[in-house]
Amino acid sequence: MIRTLREHDGTPLVALDRDELVMDGILPEDEDESVDQLMHIKRMSEGAWLIRPVVDGGPPDLGPIRDLYES
């Protein structure tokens, strides 16, 4: 998936896919429901970022990191 990096009031933003956030339980299925979800962002390496929801005061444990699309 390719998204455009945009600037909004001096802050760089990238939109995430809503359907995938719903599938992962981060966003509610009901689009009318208000969302104020804290997210933890970590730079993993040059050009690589990890974005996770904050749950119970912190980001969830990663366990082994793998590419979801690996066969």
Count the heavy atoms belonging to other residues, nucleotides or ligands that lie under 6.0 Å from CZ of Arg6, then report whether that count exceeds 12.
no
Worked verdict on Leu27 versus Arg18 for side-chain contact (heavy atoms from CB on, under 4.5 Å)
CA-CA 8 Å; Leu27 291 180; Arg18 185 181 203 299; 3.9 Å; yes
same_hphob_cluster(Val14, Leu50) at 4.5 Å side-chain heavy-atom cutoff:
no
Minimum heavy-atom separation for Lys42 and His40, please, with both atom names.
CB-CE1, 3.9 Å
Tightest non-hydrogen contact, residues Met39 and Pro53, listed as SD-CA, 3.6 Å
Give the cluster check for Leu38 versus Ile41: same hydrophobic cluster or not, with ILVMFWY residues linked at side-chain heavy-atom distances below 4.5 Å.
no
Side-chain (Glu29) to main-chain (Met23) donor-acceptor, under 3.5 angstrom
no
Say whether Ile51 and Val54 are linked into one hydrophobic cluster, either directly or through other cluster members, by side-chain heavy-atom distances under 4.5 angstrom.
no
Starting at CE of Met1, measure out to CG of Leu16 and round the result to the nearest 0.5 Å.
8.5 Å
Tell me the closest heavy-atom pair linking Pro28 and Val22, and the distance in Å.
O-CG2, 3.6 Å
Backbone N/O of Asp19 and side chain of Asp17: donor-acceptor pair under 3.5 Å:
yes
